[in-house]
4 protein chains.
Amino acid sequence: MPPGKNWTMEDFRLDPSRPLYEQFTEQIRTMIAKGELEPGTRLPSVRETASSLRVNPTTVMKTYQELERQALLVTYRGQGTFVTREEAAIDRSRKELARTAVNQLKETAKSLGLTPEQLWALALEE
Amino acid sequence: MPPGKNWTMEDFRLDPSRPLYEQFTEQIRTMIAKGELEPGTRLPSVRETASSLRVNPTTVMKTYQELERQALLVTYRGQGTFVTREEAAIDRSRKELARTAVNQLKETAKSLGLTPEQLWALALEE
Amino acid sequence: MPPGKNWTMEDFRLDPSRPLYEQFTEQIRTMIAKGELEPGTRLPSVRETASSLRVNPTTVMKTYQELERQALLVTYRGQGTFVTREEAAIDRSRKELARTAVNQLKETAKSLGLTPEQLWALALEE
Amino acid sequence: MPPGKNWTMEDFRLDPSRPLYEQFTEQIRTMIAKGELEPGTRLPSVRETASSLRVNPTTVMKTYQELERQALLVTYRGQGTFVTREEAAIDRSRKELARTAVNQLKETAKSLGLTPEQLWALALEE
DNA sequence: GTGGTCTAGACCACC
DNA sequence: GTGGTCTAGACCACA
């Protein structure tokens with residue numbers, strides 16, 4: 001998303017059966033982790049976002065608040081919400097995403113009595 | 001679980017913030033996939049399970065019915081619910097579990113612009 | 001089934017999710033309608049049938065009683081249960097089976113706003 | 001049912017001897033297949049439906065969830081339940097209804113040793 | 001407001 | 001005894 005532009009519905013892949021704010025949170029988080037949203041970028045306002053995504057403003061608020069809690073966003077009163085300039089926070093987020101994914105795979109492997117390698121092989125079978 | 005025995009609370013690890021029936025479903029599913037519950041084994045009845053796990057009968061039913069839809073359980077009218085003897089269904093389930101785990105990892109890697117190997121390395125850092 | 005022989009499990013296609021007695025009734029009924037079980041044939045006794053099919057005797061009883069109600073079987077006390085010699089009853093049964101099948105198709109067609117011919121064509125598409 | 005209106009008891013033909021949720025499922029399914037309920041239409045809420053049909057909310061939920069599993073309905077959290085906009089799913093459903101009806105007739109014909117045409121003729125006799 | 005989960009308990013058909 | 005359906009009503013998260 002170029003600076004100054006607004007989100008569009010195509011920026012997100014939404015599954016109606018899961019909480020919207022959760023999906024927005026995850027997807028913005030990975031945009032930041034990947035670098036698509038650069039440090040210091042100003043995000044569209046809650047109201048703008050809500051209307052462009054045709055979503056309830058409280059849903060957007062919840063999203064931004066959650067990402068603030070994770071120290072990935074910072075809000076300056078009266079100016080808006082920005083991607084943090086603390087690269088450490090972003091790094092931490094990247095690692096956490098990676099660890100979660102890897103741990104889930106390890107867990108699944110363990111619960112089936114397999115090593116991660118065996119699980120990987122099983123997934124590729126046939 | 002040896003045949004003829006009932007579940008106990010220790011058989012399941014429960015997270016109060018997620019639907020119970022979903023957790024039961026997942027955990028029984030992995031027991032079957034792992035072979036802990038052998039084909040043909042009779043599961044404790046809905047009522048027995050409900051009382052031993054201190055849970056409502058309908059919650060147990062929802063669990064059993066969901067597993068039946070996945071073809072992992074078979075119900076014989078008036079007799080009870082059994083682990084399927086169709087080993088193919090069990091195999092399919094094992095592979096599906098493996099694939100889901102692997103795909104999620106691949107997805108996460110891709111969304112961060114990494115290869116699965118790079119993601120794995122990142123998770124192990126520090 | 002040759003006279004004097006007993007049923008085996010292969011004589012019936014059973015779906016565990018539907019009442020057994022209902023399935024036995026239907027299938028014996030069509031055997032009679034088709035002529036596989038000829039008028040006057042003696043059916044295996046309730047006890048024999050129950051044990052050879054590994055089924056509860058009451059299930060078999062219910063089956064035979066239902067078929068007696070439909071006048072397809074007659075029981076002579078102390079001698080056993082036989083396929084009726086009243087060909088009229090068998091004919092009626094054949095026609096009823098045919099009518100039920102045809103009416104169901106007509107119903108479905110009507111509920112979709114189609115003629116039976118259109119429904120048939122739709123089923124064959126692609 | 002025009003949009004914004006609620007169901008009434010006249011919208012459904014109910015047979016007290018069969019599960020209600022099953023009958024609701026079938027009948028809503030054919031309304032969708034027939035086009036009476038257009039893609040995107042919002043269904044009356046679970047509670048509204050429950051009270052207008054004098055039925056328990058969970059019975060309605062079961063109905064809606066079953067239709068969701070068949071991909072004929074979509075639920076948006078906090079907003080309601082809608083007829084899917086995926087016309088392909090609706091087409092598939094129409095064909096499945098047609099095929100089931102036709103196959104049953106073919107099965108019956110076969111089990112009586114007749115062709116479908118002969119069966120049809122038999123049903124019309126007398 | 002919406003749907004989703006869960007409880008407590010009745011009643012039924014089937015085996 | 002078994003599972004299956006239904007009711008009445010509470011509580012929750014989401015929008």
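Convention: sequence-line order gives letters A, B, ...; per-chain numbering from 1. Because only heavy atoms are used, hydrogens play no part in the values below, and waters and symmetry mates are left out as well, while side chains stay in. All of these numbers come straight from a predicted model, not from anything done at the bench.
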Are [X] and [Y] linked by a side-chain donor-acceptor pair shorter than 3.5 Å?
{"X": "B:S111", "Y": "A:T30", "result": "no"}
{"X": "D:Y64", "Y": "D:T49", "result": "yes"}
{"X": "B:R29", "Y": "B:S93", "result": "yes"}
{"X": "D:E86", "Y": "D:T84", "result": "no"}

*Are any of the side-chain heavy atoms of B:I32 and B:L73 separated by less than 4.5 Å?*
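B:I32 vs B:L73: side chains touch.
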*May I ask you to test the D:E38-D:V83 pair for a side-chain heavy-atom distance under 4.5 Å?*
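Contact flag for D:E38/D:V83 side chains = no.
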*Could you identify which residues of residues 62-81 of chain B place a heavy atom less than 4.0 Å from some atom of DNA chain E, listed by residue number, or say none?*
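Within this stretch, B:K62, B:R77, B:G78, B:Q79 sit under 4.0 Å of the strand.
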*Go through residues 12-26 of chain A and report each residue with a non-hydrogen atom lying under 4.0 Å from DNA chain E, sorted by number.*
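The stretch gives none, as no residue of it lies under 4.0 Å from the strand.
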*Give, for atom CG of D:D11 and atom CD of D:Q27, the distance between the pair rounded to the nearest 0.5 Å.*
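So the gap between those two atoms works out to 9.5 Å.
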*How long is the span from the CZ atom in D:R92 to the CZ atom in D:R99, to the nearest 0.5 Å?*
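Nearest 0.5 Å value for the CZ-CZ distance: 11.0 Å.
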*Got a sec: does the CZ of D:R18 have more than 12 other heavy atoms crowding it under 6.0 Å?*
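More than 12 within 6.0 Å, yes.
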*asked:* Go nucleotide by nucleotide along DNA chain F from the 5' end; which of A:T59 and B:E48 gets its closest nucleotide reached first?
replied: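 Per heavy-atom nearest nucleotide, the more 5' residue is B:E48.
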_Using a 4.0 Å heavy-atom cut-off, does D:N56 contact any base of the nucleic acid, only the sugar-phosphate backbone, or nothing at all?_
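It contacts base atoms.
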*Quick one: sort the C:F12 and C:F24 rings into parallel, tilted or perpendicular, breaks at 30° and 60°.*
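Perpendicular.
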_Span of DNA chain E, from the first to the last nucleotide whose atoms fall under 4.0 Å of chain B heavy atoms_ =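 Footprint of chain B along DNA chain E, 5' to 3': E:dT5 to E:dC15.
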*First encountered from the 5' end of DNA chain E, between C:V55 and B:T58*: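 In this pair, the answer is B:T58.
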*Paired with F:dA13 by Watson-Crick or G-U wobble geometry, both distances under 3.5 Å: which nucleotide is it?*
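Matched F:dA13 with E:dT2 under the 3.5 Å cut-off.
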